[in-house]
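Remember, it's 1-based here, ligands and their atoms both numbered in the order they're listed. Just so it is clear, the values below take in all heavy atoms, side chains as well, and ignore hydrogens, waters and symmetry mates. Worth saying up front: this structure is predicted, and the values here are computed from it rather than measured.
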Amino acid sequence: MTILPWQTAHWTRLQASRQRGALAHAMLFCGAAGLGKRAFVQRFVHGLLCSEPTDGEPCGQCRGCLLIAAGSHPDLALLSFGLRKDGVQRSEIVVDQIRELSARLAMNSQFGGWQVVIIDPADAMNAAAANALLKTLEEPATQTMLILLADAPWRLPQTIRSRCQRVEFQLPAEAEALAWLQAEGVRHPAEALAAAAGNPGLAKAWAEEGALERRQEVRKDLAALAAGRGQPTDMVKRWLDNEPAQRLWFAAQATADEIRARSTAATGPLASAMDIEALTHWYAAANRTREALRGPLRGDLLLLELLAQWR
Ligand SMILES: [Zn+2]
């Protein structure tokens with residue numbers, strides 16, 4: 001676990017606040033999935049609960065560090081999806097969980113240091129849970145730290161967001177991301193980064209699980225359809241069997257490239273017969289279909305409707 005290059009500024013700032021004794025009691029760590037914010041938070045919190053940290057880094061040997069490694073530090077709690085009475089995992093964080101947490105925070109820390117609670121994913125709190133949390137945020141106790149982790153912070157009520165210090169992870173500059181991917185041994189780093197729209201963590205994960213081949217296949221499929229070759233029904237089956245949402249992301253991306261190419265040339269890399277307006281519509285439809293795949297409608301019908309419109 002190392003601090004990633006695009007995280008160092010946040011790390012330095014947090015450690016400076018720590019040394020001044022000016023850490024916030026509530027912090028919201030947010031940014032796209034794939035930028036390593038969870039690992040960052042873990043490291044930060046471990047350093048906070050370590051009795052001999054160096055520049056905020058945990059020593060790994062003190063009582064606090066050993067308890068964290070064993071998953072049993074009494075002053076650290078992680079709140080995530082709980083189980084319903086029938087044993088099924090809930091898809092949201094509910095008010096009872098927040099009440100339990102508030103009761104816990106009202107007590108003193110057992111080791112006399114920070115008492116830390118991490119809510120992850122905080123954007124999965126339902127409205128009642130968020131309301132209950134607001135009360136806790138309005139009356140912060142000394143030496144307690146509430147950490148909210150969210151990929152989609154805009155889903156949190158503004159009243160909660162405004163009471164947290166925001167630590168937002170942004171996409172790094174392209175050169176920095178490429179250098180990191182190269183150091184990580186990712187083959188075709190530029191292609192992987194383009195596929196992941198500049199997100200290096202996602203680029204690495206995708207490159208390792210064969211997404212780049214999938215991306216090529218999607219482009220080949222769309223080019224074949226534009227040339228009047230290939231059957232949408234065959235493609236639907238292939239796409240649906242293997243990462244359909246990711247394929248739709250790549251299809252939308254290919255369409256955006258096609259639109260961009262038209263500004264300088266008569267035809268784009270896919271040689272689509274559609275004009276820019278039709279391509280723009282199709283791009284939006286591909287993104288809508290990607291969202292709709294999570295819903296109750298039949299994926300094969302959604303995909304067929306979309307692919308049948310491609311020219
Ligand atoms: Zn330690």
In plain terms, say whether R262 and D275 are close enough for a salt bridge, that is, a side-chain N and a carboxylate O under 4.0 Å apart. no
Taking NZ, NE, NH1 and NH2 as the nitrogens, is one of them in R104 or E100 under 4.0 Å from a carboxylate oxygen of the other? no
Applied to residues 114-123, the side chain to side chain donor-acceptor pair (under 3.5 Å) test, sequence neighbours excluded, yields R38-D120
Check whether the ring centres of W11 and F40 lie less than 6.0 Å apart, and answer yes or no. yes
State yes or no: do L23 and L49 share one hydrophobic cluster built from I, L, V, M, F, W and Y residues joined by side-chain heavy-atom distances below 4.5 Å, directly or via other members?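 Yes; tracing contacts between hydrophobic side chains, which count when under 4.5 Å, links both residues.
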Quick check for you: within a radius under 2.8 Å, how many protein N, O or S atoms neighbour the Zn ion (ligand 1)?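 Considering protein N, O and S only, the Zn ion (ligand 1) has 4 within range.
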For F250, which of L212, T255, V218 qualifies under side-chain contact (heavy atoms from CB on, under 4.5 Å)?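 Passing option: V218.
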